[in-house]
Amino acid sequence: MHLLIVSCTPRAKEKSNTDKILDELKKGYEYNGNTTETLYLYKRNEWESMREKFYENDNILFALPLYVECIPGIMAEFLETLKPKQNCNTKIGFLLQSGFAEASQLRCCESYYYETQPSG
Ligand SMILES: Cc1cc2nc3c(=O)[nH]c(=O)nc-3n(C[C@H](O)[C@H](O)[C@H](O)COP(=O)(O)O)c2cc1C
């Protein structure tokens, strides 16, 4: 199965904790022949082609750090540029990681995910 991954940190790949986690996740995911493609939101000049890939793909994972108890601003900005998908077979997952110990900080972001799911 092909998985489109969107890395939603504003940090460059070399400095991002999200991308360190993704590197390991991809090793496991691709081990038995699955494939991935990763898009990096910090590369703003590529957003047009990223939108096309979002529309074309059915299996999508948004990977993000918690920033001020919610999603990074760059991710909110990108999501707001997307049109609703017509294809109701699309499945969207989220990988959220954060720096502080209090798990309650993640709850606001968790609620946001449900709002982000494409409608039928
Ligand atoms: C501006 C900023 C805000 C942050 N806010 C939170 C927060 O509210 N809760 C938390 O647990 N971690 C917070 N963190 C920590 C990040 O979630 C953590 O360092 C994460 O691993 C960064 O991932 P990245 O390197 O891919 O951007 C914050 C970090 C930054 C830079």
Side-chain angles (χ1 to χ4, degrees):
M1 188 174 81
H2 185 69
L3 181 65
L4 181 71
I5 300 173
V6 186
S7 171
C8 301
T9 173
R11 284 181 168 157
K13 181 180 188 318
E14 300 70 35
K15 297 190 173 175
S16 159
N17 294 331
T18 305
D19 289 304
K20 288 183 179 60
I21 294 167
L22 282 178
D23 285 345
E24 296 306 311
L25 182 145
K26 283 186 273 188
K27 278 185 207 166
Y29 187 81
E30 294 172 356
Y31 184 75
N32 281 329
N34 293 309
T35 55
T36 64
E37 179 181 12
T38 308
L39 312 177
Y40 299 93
L41 286 192
Y42 76 87
K43 297 182 177 178
R44 283 176 175 272
N45 60 350
E46 296 178 11
W47 276 21
E48 190 54 49
S49 71
M50 290 184 201
R51 279 189 282 270
E52 290 308 315
K53 286 176 181 171
F54 175 83
Y55 299 132
E56 288 164 6
N57 280 269
D58 280 339
N59 300 305
I60 303 172
L61 176 71
F62 285 94
L64 60 141
L66 193 67
Y67 270 21
V68 197
E69 300 186 26
C70 205
I71 69 170
I74 196 171
M75 179 181 175
E77 198 180 331
F78 180 73
L79 292 177
E80 285 167 12
T81 69
L82 297 173
K83 297 187 195 113
K85 289 193 78 167
Q86 303 304 316
N87 178 358
C88 60
N89 292 324
T90 297
K91 293 176 282 298
I92 296 180
F94 298 91
L95 185 161
L96 172 65
Q97 56 89 17
S98 68
F100 304 159
E102 304 86 11
S104 60
Q105 295 214 341
L106 303 166
R107 298 300 169 222
C108 176
C109 227
E110 186 180 47
S111 304
Y112 191 94
Y113 293 162
Y114 295 112
E115 299 298 323
T116 308
Q117 292 298 314
S119 56

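As the structure is a computational prediction, the values presented were derived from the model and not from experiment.
Put simply, the side chain of Pro72 reaches to within 4.5 Å of the side chain of Pro65, judged on heavy atoms. Contact check for Leu106 versus Leu66: side-chain heavy atoms found under the 4.5 Å cut-off. Proximity of Leu39 to Ile5: side-chain heavy atoms (C-beta onward) are nowhere separated by under 4.5 Å. Looking at heavy atoms from C-beta onward, Thr35 lies out of side-chain contact with Leu3 at the 4.5 angstrom threshold. You'll find the side chain of Phe78 reaches within 4.5 Å of the side chain of Leu82, heavy atoms only. Put simply, the side chain of Asn59 does not reach to within 4.5 Å of the side chain of His2, judged on heavy atoms.
Residues passing the salt bridge (Lys or Arg N to Asp or Glu O under 4.0 Å) test with Lys13, sequence neighbours excluded: Asp23. Applying the side-chain hydrogen bond (donor to acceptor under 3.5 Å, both in side chains) test to Glu69 and every residue at least two apart in sequence or in another chain returns nothing. Residues passing the salt bridge (Lys or Arg N to Asp or Glu O under 4.0 Å) test with Arg107 are Glu110, sequence neighbours excluded. In this view, Glu80 satisfies the salt bridge (Lys or Arg N to Asp or Glu O under 4.0 Å) rule with no residue, not counting sequence neighbours. The side chain to side chain contact (heavy atoms under 4.5 Å, CB included) search around Phe100 returns Glu102, Gln105, not counting sequence neighbours. Qualifying salt bridge (Lys or Arg N to Asp or Glu O under 4.0 Å) partners for Glu37, counting only residues two or more places apart in sequence or in other chains: Lys53. In this structure, the side chain to side chain contact (heavy atoms under 4.5 Å, CB included) partners of Glu24, at least two apart in sequence or on a different chain, are Lys27. Taking Thr38 as the reference, Lys26 meet the side-chain hydrogen bond (donor to acceptor under 3.5 Å, both in side chains) condition, with sequence neighbours excluded. Under the ring pair (Phe, Tyr, Trp, His ring centres under 6.0 Å) criterion, Tyr29 pairs with no residue, sequence neighbours left out. Every residue two or more places apart in sequence or in another chain that forms a side-chain hydrogen bond (donor to acceptor under 3.5 Å, both in side chains) with Arg44 is listed here: Glu77. Remark: Thr81 pairs with Arg51 by the side-chain hydrogen bond (donor to acceptor under 3.5 Å, both in side chains) rule, at least two apart or across chains.
Rounding to the nearest 0.5 Å places CG of Asp19 at 8.5 Å from CD of Glu14. Here the CG-NZ distance, from Asn17 to Lys15, works out to 12.5 Å after rounding to the nearest 0.5 Å.
Hydrophobic clustering places Leu96 together with Leu4 (ILVMFWY residues linked when any side-chain heavy atoms are closer than 4.5 Å, directly or through intermediates). Under a hydrophobic clustering in which Ile, Leu, Val, Met, Phe, Trp and Tyr are joined whenever their side-chain heavy atoms come within less than 4.5 Å, directly or via other members, Phe94 and Leu41 fall into the same cluster. Phe62 and Ile74 fall within a single hydrophobic cluster, where Ile, Leu, Val, Met, Phe, Trp and Tyr are joined by side-chain heavy atoms under 4.5 Å apart, directly or via other members. The hydrophobic clustering, which links ILVMFWY residues whose side-chain heavy atoms are closer than 4.5 Å, places Leu64 and Val6 together. Cluster annotation: Ile92 and Ile71 are assigned to the same hydrophobic cluster (Ile/Leu/Val/Met/Phe/Trp/Tyr, side-chain heavy-atom contacts under 4.5 Å, transitive).
For the pair Ile60 and Thr90, the tightest heavy-atom approach, listed with the atom from each and the gap, is CD1-CG2, 4.2 Å. Closest of all the heavy-atom pairs between Asn34 and Met1 is OD1-N, 2.7 Å. In this structure, Cys108 and Cys70 approach most closely via the heavy-atom pair SG-SG, 3.9 Å. The nearest pair of heavy atoms linking Leu95 to Leu61 is N-CD1, 3.9 Å.
Counting only distance, with no hydrogens or angles, the side chain of Lys85 and the backbone of Asn57 share a donor-acceptor pair below 3.5 Å.
Cluster partners of Tyr42, using a side-chain heavy-atom cutoff of under 4.5 Å among ILVMFWY residues and allowing indirect links, are Tyr40.
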